[in-house]
Amino acid sequence: MYLELMELIEGHGLWVMDRTHDLLESGYYLVDTPLRGTSKPDRAQRVRARAIVSAYGSSRVSEAFSEWQGSLESFEAKLDEFAYIVQETHPDAVDTDEAKPLCEAEAAARRRVADTVNTELVNDRRWRRHSIQ
């Protein structure tokens with residue numbers, strides 16, 4: 001189940017990275033021709049990831065996942081803010097550089113989830129090995 005969890009999280013991470021790239025490379029919030037154009041993952045995938053963590057995750061994995069989810073929501077809120085600025089003024093009024101630290105925070109939180117999952121799997125493997133002997 002942890003493998004599926006990481007796949008779901010990495011799919012969102014790819015979208016965050018590509019969306020940030022598109023914003024920074026285009027200089028505009030709205031791009032006529034997408035540079036990478038990675039589609040935003042369906043919200044149902046996030047629900048599936050939360051269900052996996054709720055059912056199978058340790059408290060440490062759950063904490064790391066919550067931190068990642070918060071960083072993803074911060075990134076999405078910034079995109080909403082950009083959309084509002086574009087709607088109310090002009091695309092030039094958007095400072096796309098504001099997305100970069102949020103992208104970096106999401107990537108760091110995603111790494112923490114992966115590290116925590118890896119630690120849990122290693123500990124589980126050691127426990128099973130000792131119980132067999």
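These numbers were taken from a predicted model, which means no experiment stands behind them.
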Kindly write out the residues that satisfy salt bridge (charged side-chain N to carboxylate O under 4.0 Å, His left out) with [X], not counting sequence neighbours, or none if the list is empty.
X: Glu10; result: Arg110
X: Arg48; result: Glu4
X: Lys40; result: Glu76

Hydrophobic cluster identity match, [X] and [Y], side-chain contacts under 4.5 Å:
X: Val94; Y: Tyr84; value: no
X: Met17; Y: Leu24; value: no
X: Tyr56; Y: Val53; value: yes
X: Val47; Y: Val113; value: no
X: Leu121; Y: Leu5; value: yes

message = Heavy-atom count check: over 12 atoms from other residues, nucleotides or ligands less than 6.0 Å from Glu7 CD?
response =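 Not more than 12 within 6.0 Å, no.
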What distance do [X] atom [atom1] and [Y] atom [atom2] have between them, rounded to the nearest 0.5 Å?
X: Asn123; Y: Thr119; atom1: CG; atom2: OG1; value: 6.5 Å
X: Gln69; Y: Ile9; atom1: CD; atom2: CD1; value: 9.0 Å
X: Ile52; Y: Met1; atom1: CD1; atom2: CE; value: 4.5 Å
X: Met6; Y: Asn118; atom1: CE; atom2: CG; value: 9.5 Å
X: Trp15; Y: Ser39; atom1: CH2; atom2: OG; value: 10.5 Å
X: Asp97; Y: Leu23; atom1: CG; atom2: CG; value: 10.0 Å

key: Distance-minimising heavy-atom pair for Ser71 and Ala109   =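 The answer is OG-CB, 3.7 Å.
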task = Mind listing the closest non-hydrogen atom pair of Gly11 and Pro41 along with its distance?
result =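 Between these two residues, the closest heavy atoms are O-CG, 3.6 Å.
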request  = Indicate whether the side chain of Ser66 and that of Arg50 have a donor and an acceptor atom separated by less than 3.5 Å.
outcome  =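 There is such a pair (donor and acceptor under 3.5 Å, judged by atom type) between the side chains of Ser66 and Arg50.
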Side chain to side chain contact (heavy atoms under 4.5 Å, CB included) evaluation trace for Phe65 with Thr116 = CA-CA 9 Å; Phe65 179 83; Thr116 305; over 6 Å; no
request  = Show the numbers, then the answer: is there a side chain to side chain contact (heavy atoms under 4.5 Å, CB included) between Leu3 and Val117?
outcome  = CA-CA 9 Å; Leu3 179 60; Val117 164; over 6 Å; no
Hey, does [Y] have a side-chain heavy atom less than 4.5 Å from the side chain of [X]?
X: Leu102; Y: Thr20; value: no
X: Ile85; Y: Asp95; value: no
X: Thr38; Y: Arg19; value: no

key: salt_bridge(Glu63, Arg60) N-O dist < 4.0 Å   =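 No, this pair does not count.
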message = As a test of understanding, state which of Glu106, His12, Glu73 forms a side-chain hydrogen bond (donor to acceptor under 3.5 Å, both in side chains) with Trp68.
response =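 Exactly one option meets the side-chain hydrogen bond (donor to acceptor under 3.5 Å, both in side chains) with Trp68, and it is Glu106.
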